[in-house]
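These numbers come from a predicted model, not from an experiment. Chain identifiers are assigned alphabetically (A, B, ...) following the order of the sequence lines, protein sequences preceding nucleic acid strands; residue numbering begins at 1 within each chain.
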Amino acid sequence: MAALATTSSTIAAKPAPRGSGPRVIRNPLWVRVLFMGVAFVFVAGFLVLPLAAVFTEALRKGFGAYFGAFTDPDMLSALRLTLLTAAIAVPANLIFGVAAAWCIAKFDFRGKSILITLIDLPFAVSPVISGLIYVLVFGAQGWYGQYLNAEAPALPWLQQWLIARDFQIIFAVPGIVLATVFVTFPFVARELIPLMQQQGNDEEYAALTLGANGWQTFWYVTLPNIKWGLFYGVILCNARAMGEFGAVSVVSGHIRGETNTMPLHVEILYNEYNFVAAFAVSSLLALLALLTLLLKSLVEWRAQKSGA
Amino acid sequence: MSVQVHHIRKTFGQYTALADVSLSVKSGQLTALLGPSGSGKTTLLRIIAGLEYADEGSGRIQFHGEDVTDVEAGQRKVGFVFQHYALFRHMTVFENIAFGLKVRRKNRPPQAEIADRVHKLLKLVQLDNLADRFPHQLSGGQRQRIALARALAVEPKVLLLDEPFGALDAKVRKELRRWLRKFHEEIHLTTLFVTHDQEEALEIADEVVIMNQAKIEQVGTPQEVYDRPATPFVYQFLGNVNVLKAAALAAGTAPPFPTGGLQSNGHIYVRPHDIEVVPHETGAPGIPAVLRYIHAAGPAARLTLEQVESRETVEAEISRVELERLGLKLNNLVLLRLRQSRSFAEDYAI
């Protein structure tokens with residue numbers, strides 16, 4: 001993939017003189033111009049222009065108004081909630097992803113293909129559905145609500161404890177975290193499974209014959225081998241956790257200053273015609289995206305250099 | 001330390017990798033597990049190492065009489081060298097070799113002693129100057145020797161090598177296997193290595209274990225298994241062989257067979273260089289055949305002959321001096337005498 005991209009970019013940058021180079025890559029000039037043109041128009045129209053628009057709209061009324069948008073307590077609360085959600089969802093899926101990839105890549109067991117398919121489920125399902133699932137399970141009419149209202153519940157002390165603390169899941173922080181965990185579920189695992197499968201088990205077996213125990217094998221052999229893939233997966237997982245809109249929107253209830261994450265806050269500000277503030281918050285998310293891309297390229301470059 | 005394998009069975013689902021295999025590896029010897037791919041030799045090696053477990057309720061593995069069947073790989077004191085080296089790719093050569101010592105919980109040697117031992121091992125495998133390299137900066141042969149040094153670092157009682165030269169090119173392979181033989185002479189560690197290359201096994205092993213279809217066919221010194229194959233498979237697997245189907249026919253004319261009785265419905269197995277070609281005029285007992293082709297390029301002459309009665313083709317190998325002395329020409333009638341041969345029942349499937 002990377003090699004392919006390099007080849008095409010060198011062709012574009014320096015057209016081979018006639019009669020030199022392998023024949024297969026010597027396309028006529030108009031073909032090259034056409035394809036390059038199409039690519040540029042698309043990138044400019046669909047990516048660069050909107051991105052530029054976000055920043056120009058945000059700065060329309062000057063830097064004062066731009067930074068003023070960040071002092072709004074609701075905005076700060078949304079920022080805090082977004083960071084909190086990511087801080088829970090990313091480590092959770094990091095642990096799950098490594099565990100799932102480990103057992104899928106290194107062991108053979110019944111139901112392995114089902115597990116692989118299930119890991120992909122959040123990619124296949126619309127985020128809105130993901131949110132609805134949690135509303136159905138944990139909402140007032142769902143199993144959780146029925147449990148709280150039950151006359152003779154299974155674990156009375158648990159019901160007491162939950163009621164005493166007024167522990168809500170839907171339209172509260174736990175629901176937002178759950179929905180985010182669900183949506184970002186596959187990122188780390190998906191990144192690691194092919195990597196670990198390709199690396200095989202020989203190094204782990206070698207460590208075992210040398211007297212290392214399971215934990216030492218994982219810590220000194222497996223983890224260093226997958227660290228770049230793991231980092232890559234975490235970056236993507238984090239980007240999605242902070243940017244998720246659909247699933248979170250369903251379970252959040254949009255309570256200002258309480259259950260609004262940044263993407264939800266953007267929508268509210270926009271609907272209130274508060275464009276500068278809406279775009280200012282958007283610009284923060286856009287910067288996060290750019291930072292993610294930068295880190296991602298850096299990780300790819302490092303991973304390639306270390307020969308992993 | 002000797003290794004005993006008693007009635008080991010291993011199945012993967014429907015597939016039988018080892019069917020009731022028993023084996024005794026002598027202490028201090030270099031033993032080859034030889035067989036075609038899928039014969040179960042690697043599975044046997046991994047079971048001995050503890051990387052794989054035999055089927056529930058099948059036999060036992062013993063090291064010098066001590067039962068290790070339920071001992072974990074790390075506690076068996078075996079050194080294992082993998083076909084594709086399995087060096088830790090993110091560690092330097094030094095760290096690779098030191099790994100087995102560093103992960104020790106009990107009696108871990110101090111840093112200085114570890115460094116000392118690593119450098120001794122590097123000297124032993126003659127790669128003293130590569131301590132700071134990473135595996136991907138080494139050639140295949142160098143990697144294999146580092147893998148060997150790493151396995152030796154934990155002072156194993158048994159060394160197990162899985163196709164140690166399988167991933168190397170022909171020239172390096174030859175050099176390295178001679179090096180391994182010499183190396184074995186120096187350290188005299190009980191060593192068991194898996195190979196599918198008969199030349200390799202016959203050249204360097206003290207004892208060869210020939211496996212086929214989940215079973216051991218024969219165990220013996222290289223000379224024994226080559227000169228006196230126990231089964232048709234071993235005959236075919238080690239070197240060239242003629243299979244004379246019309247055995248009963250040959251029985252009347254051929255001399256008595258020195259090894260094994262002749263079965264009336266059997267096939268005769270005879271190596272090309274064990275066929276003596278004599279002129280027909282002598283009238284001695286032998287199988288009459290017609291010379292069809294002479295291939296004289298090379299150290300010996302290969303003759304293709306056709307038996308007169310059964311029309312079967314036979315390959316014979318005689319020295320070029322002998323060929324000149326006989327003064328044979330194409331389509332001459334000759335007599336074939338079998339110096340050494342064996343007969344096996346017909347249904348002995350390969």
Inset, instruction - Show your working on side-chain contact (heavy atoms from CB on, under 4.5 Å) between A:Asp202 and B:Gln83 and close with a plain yes or no. - result: CA-CA 9 Å; A:Asp202 274 3; B:Gln83 180 179 3; over 6 Å; no
Legend entry - Atom of B:Ala86, atom of A:Glu203 and distance for their closest heavy-atom approach: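 Taking every non-hydrogen atom into account, O-CG, 3.8 Å.
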Inset, instruction - List the atom of B:Arg105, the atom of A:Asn213, and the distance in Å for their closest heavy-atom pair. - result: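 Nearest heavy atoms, B:Arg105 then A:Asn213: NH2-ND2, 2.8 Å.
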Rounded at 0.5 Å granularity, tell me how far [atom1] in [X] sits from [atom2] in [Y].
{"X": "A:Glu204", "Y": "B:Leu51", "atom1": "CD", "atom2": "CG", "value": "12.0 Å"}
{"X": "B:Arg104", "Y": "A:Leu210", "atom1": "CZ", "atom2": "CG", "value": "10.0 Å"}
{"X": "B:Phe82", "Y": "A:Asn201", "atom1": "CZ", "atom2": "CG", "value": "9.5 Å"}
{"X": "B:Arg46", "Y": "A:Thr209", "atom1": "CZ", "atom2": "OG1", "value": "10.0 Å"}

For [X], I'd like to know if atom [atom1] has over 12 heavy atoms of other residues, nucleotides or ligands within 6.0 Å.
{"X": "B:Arg108", "atom1": "CZ", "answer": "no"}
{"X": "B:Tyr53", "atom1": "OH", "answer": "yes"}
{"X": "B:Phe88", "atom1": "CZ", "answer": "yes"}
{"X": "A:Gln197", "atom1": "CD", "answer": "yes"}
{"X": "B:Phe134", "atom1": "CZ", "answer": "yes"}
{"X": "B:Glu186", "atom1": "CD", "answer": "yes"}
{"X": "B:His188", "atom1": "NE2", "answer": "yes"}
{"X": "B:Tyr15", "atom1": "OH", "answer": "yes"}

Legend entry - Contacts of residues 107-124 of chain A with chain B (heavy atom under 4.5 Å):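 Under the 4.5 Å heavy-atom cut-off, nothing qualifies.
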Legend entry - Atom group of B:Ala151 that falls short of 4.5 Å from chain A, counting heavy atoms: backbone
Legend entry - Engaged part of B:Leu87 at the chain A interface, taking heavy atoms whose separation is under 4.5 Å: backbone
Inset, instruction - Assess the side chains of A:Asn225 and B:His90: does a donor N or O sit below 3.5 Å from an acceptor N or O? - result: yes
Inset, instruction - Between chain A and each of B:Ala49, B:Gly74, B:Ala153, count heavy-atom pairs under 4.5 Å; write down the option with the most. - result: B:Gly74
Inset, instruction - Answer whether the closest heavy-atom distance between the side chains of A:Tyr205 and B:Phe80 falls below 4.5 Å. - result: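 Sidechains of B:Phe80 and A:Tyr205: no contact.
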Legend entry - Side-chain donor/acceptor of A:Gln216 to backbone N/O of B:Val103, under 3.5 Å: yes
